[in-house]
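Heads up: numbering here begins at 1 and tracks the sequence.
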Amino acid sequence: YKRQAYIEPERRSSILGFGQSVTQAFGIFLSAVVGIVAAGTVYNIWLLNLVMCIPLVLGLMLPKPPQWEEAAVQEGAAEAASAEQAPAQKEKIPAAGWVIIFLGFLWFVFSYPAFLYLSPLILGKGMGDASMAGFVQTMFNVGGVIAGLIFAKVYGAARKYTICVGLIMLVINYALFAFTSSAPLYYAANIIGGIGYSIV
């Protein structure tokens, strides 16, 4: 929300998408640096946390955000005041909401085990070694870069179903992990999953 305050409303989806691409691209670079640093001693990895001081300092230097939506904020406050005076009505969760809840549940159930056990899964299926698992994991970041570049178009087309689109792609990611034993499919799965994760 803070980032959106500095971007014109009509440009938010595209600018935030590009920002996500930069984040994921830096993640790829950071993964390589972690390997080099850890080769000396694993404790040096903690020094990489100092990188976060850079955006922290830049964040503290930000000026006061412009009031892009002052009229909309005032209108929203008026609607909230009138809603408080009206009698409370119980709202039903729409069908799309239940789809998001269900897919979100699947996401949380499968996402972290997929990250944690990716290397043993690849080794166990005889598809390669730990280095291949690292390359497969990097494809997740590549998917994130792609998602950032296309996010404005996806959001423009899907609108309120954007989260559903991202979660469906994550389910495809984990289904390919579960039911295939092909290295190219694992690469494709993590690209799809990276796109879905970044869209969400």
Side-chain angles (χ1 to χ4, degrees), residues 16-52 55 95-151 153-155 157-158 161-200:
L16 293 175
F18 288 134
Q20 183 66 25
S21 287
V22 172
T23 301
Q24 295 291 343
F26 186 75
I28 296 170
F29 168 74
L30 193 62
S31 297
V33 172
V34 164
I36 295 168
V37 171
T41 170
V42 72
Y43 297 109
N44 288 341
I45 292 175
W46 297 105
L47 296 174
L48 293 174
N49 290 318
L50 294 174
V51 172
M52 295 308 298
W98 284 112
V99 171
I100 291 172
I101 290 168
F102 176 70
L103 292 175
F105 168 76
L106 292 179
W107 176 22
F108 283 112
V109 166
F110 291 110
S111 59
Y112 289 99
F115 289 134
L116 185 62
Y117 293 109
L118 181 60
S119 184
L121 187 64
I122 288 172
L123 290 167
K125 290 189 175 184
M127 293 187 296
D129 55 12
S131 63
M132 187 212 159
F135 284 119
V136 170
Q137 191 58 54
T138 301
M139 291 301 107
F140 198 84
N141 293 99
V142 171
V145 173
I146 295 169
L149 297 174
I150 64 171
F151 179 74
K153 292 188 182 195
V154 172
Y155 181 72
Y161 299 107
T162 303
I163 294 177
C164 285
V165 170
L167 289 173
I168 287 169
M169 294 181 83
L170 281 163
V171 171
I172 292 170
N173 177 190
Y174 304 134
L176 286 172
F177 279 176
F179 300 113
T180 64
S181 299
S182 164
L185 281 177
Y186 268 49
Y187 283 115
N190 247 11
I191 291 173
I192 293 169
I195 293 171
Y197 183 85
S198 294
I199 284 175
V200 173

Handout entry: Taking every non-hydrogen atom, the tightest pair across G148 and S21
Key = CA-OG, 3.0 Å
Exercise for the section: Might you point out which heavy atoms bring A183 and M132 nearest each other, and give the distance in Å? Expected result: CB-CE, 3.2 Å
Show which side-chain atoms of residues 114-123 pair as donor or acceptor with protein atoms under 3.5 Å away, not counting sequence neighbours.
none

Problem - Reported CD1-to-CZ distance for the pair I191 and F140, which is rounded to 0.5 angstrom - result: 11.5 Å
Practice task
Only counting residues at least two apart or in another chain, list the ones meeting side-chain hydrogen bond (donor to acceptor under 3.5 Å, both in side chains) with K153.
Solution key: none
Fill in the blank from the handout: The side-chain hydrogen bond (donor to acceptor under 3.5 Å, both in side chains) partners of Y186 (sequence neighbours excluded) come to K125
Practice task
Check the surroundings of atom OH in Y161: do more than 12 heavy atoms from other residues, nucleotides or ligands lie under 6.0 Å from it?
Solution key: no
Problem - Test side chain to side chain contact (heavy atoms under 4.5 Å, CB included) applied to F26 - qualifying residues, sequence neighbours left out - result: F29, L30, V51
Exercise for the section: Could you tell me whether the side chain of F102 reaches within less than 4.5 Å of the side chain of L106, counting heavy atoms only? Expected result: yes
For residues 165-174, dump all side-chain donor-acceptor pairs below 3.5 Å to protein atoms at least two apart in sequence or in another chain.
from : atom 1 : to   : atom 2 : distance (Å)
N173 : ND2    : A189 : O      : 3.1

Kindly list each side-chain donor-acceptor pair under 3.5 angstrom involving residues 193-200, sequence neighbours excluded, with atom names and distances?
from : atom 1 : to   : atom 2 : distance (Å)
S198 : OG     : Q20  : NE2    : 3.4
S198 : OG     : Q24  : NE2    : 3.4
S198 : OG     : G194 : O      : 3.3

Problem - Test item: N190 side-chain N/O and M139 main-chain N/O as donor-acceptor pair under 3.5 Å - result: no
